[in-house]
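Just so it is clear, the model here is predicted, and its values are computed rather than measured.
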Amino acid sequence: MLEFIIVTPLVYLFYYIFMINKYDENGKLKKQKENKFLSKVIDKIKKFLFGAKSEKDEILLRGRKNKKIKEQKEDIKFPTEVEILMIRYKVDLSKINYKKVLKIVGLMCSIDVGLIIGILSYIPMENVYVLILIGAILMLPVILISYAIVGNYLKKKGLTKNV
């Protein structure tokens with residue numbers, strides 16, 4: 001139970017930072033300001049986690065010219081979680097604020113992850129690989145059930161397309 005209480009807010013916080021903050025209320029990507037300090041910190045973290053590039057990559061990188069950045073298309077690319085709700089449960093994004101949908105999906109995903117970790121913490125087993133296998137098997141039904149709950153909730157609120 002303690003794992004669920006600790007993991008759920010952390011997962012939601014990361015989802016909020018890396019996913020929800022990227023979009024505005026209409027579902028379009030916000031234009032990101034270039035933060036040099038933050039980008040340097042992120043680059044150092046990437047180098048620490050994933051290792052330094054090889055000399056060959058550095059030589060190739062120095063020899064290339066900077067490509068011009070193309071402007072983003074007006075097409076909205078939805079996250080997979082939102083696409084599942086749109087396709088399976090026919091959620092109409094014109095009736096609901098896009099950020100609200102992302103917050104609901106983020107809360108759902110964080111509860112799913114917290115629940116799986118909470119369940120796995122109560123299984124008395126030393127073999128980590130078996131625990132990972134059990135977690136992978138448990139993940140599919142938990143995700144399907146949570147999408148069904150959210151889809152029915154949005155259907156009751158009248159936020160789906162009338163087909």
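Note: the hydrophobic cluster containing Leu133 does not contain Leu120 (ILVMFWY, side chain heavy atoms under 4.5 Å, direct or indirect links). With hydrophobic clusters built from ILVMFWY side chains whose heavy atoms lie under 4.5 angstrom apart, Ile145 does not share a cluster with Ile137. Transitive grouping of hydrophobic side chains (ILVMFWY, heavy atoms separated by less than 4.5 Å) keeps Leu2 and Ile123 in distinct clusters. In terms of hydrophobic clustering, with Ile, Leu, Val, Met, Phe, Trp and Tyr side chains grouped at heavy-atom distances under 4.5 Å, Val105 and Leu144 are assigned to different clusters.
Considering every non-hydrogen atom in both Cys109 and Glu81, the closest pair reads SG-CG, 4.1 Å. When all heavy atoms of Tyr89 and Tyr147 are compared, the closest pair comes out as CE1-O, 3.5 Å. The minimum heavy-atom distance linking Phe4 with Leu115 is given by the pair CD1-N, 3.4 Å. In plain terms, the two heavy atoms of Gly118 and Glu3 that are nearest each other are CA-CB, 4.4 Å. Nearest heavy-atom pair across Lys103 and Tyr16 is CE-CE1, 3.9 Å.
When the side-chain hydrogen bond (donor to acceptor under 3.5 Å, both in side chains) test is applied to Ser94, the partners found at least two apart in sequence or on another chain are Asp92.
Put simply, OH on Tyr15 and CG on Leu107 are 11.0 Å apart, with the number rounded to the nearest 0.5 Å. Rounding to the nearest 0.5 angstrom, the gap separating the CG atom in Leu159 from the NZ atom in Lys100 is 7.0 Å. Annotation: the span from Ile104 atom CD1 to Asn97 atom CG amounts to 10.0 Å, rounded to 0.5 Å. Atom CG of Leu85 sits about 12.0 Å away from atom NZ of Lys90, to the nearest 0.5 Å. Atom CG of Leu154 sits about 12.0 Å away from atom CD1 of Ile149, to the nearest 0.5 Å.
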Using the rule given for side chain to side chain contact (heavy atoms under 4.5 Å, CB included), can you reason through Tyr98 versus Val82, listing the C-alpha separation, both sets of side-chain angles and the distance that settles it, and then say yes or no?
CA-CA 9 Å; Tyr98 185 72; Val82 176; 4.1 Å; yes
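At least one donor-acceptor pair under 3.5 Å links the side chain of Lys95 to the backbone N or O of Thr160. Not a single donor-acceptor pair under 3.5 Å links the side chain of Thr8 to the backbone N or O of Ile5.
Taking a 4.5 Å side-chain heavy-atom cut-off between Ile, Leu, Val, Met, Phe, Trp and Tyr, the cluster of Ile87 contains only that residue.
Side-chain atoms of Ile116 and Val142, non-hydrogen and from C-beta on, do get closer than 4.5 Å to each other.
Of the options Val113, Ile117, Ile6, a side-chain contact (heavy atoms from CB on, under 4.5 Å) to Val11 is made by Val113 and by none of the others.
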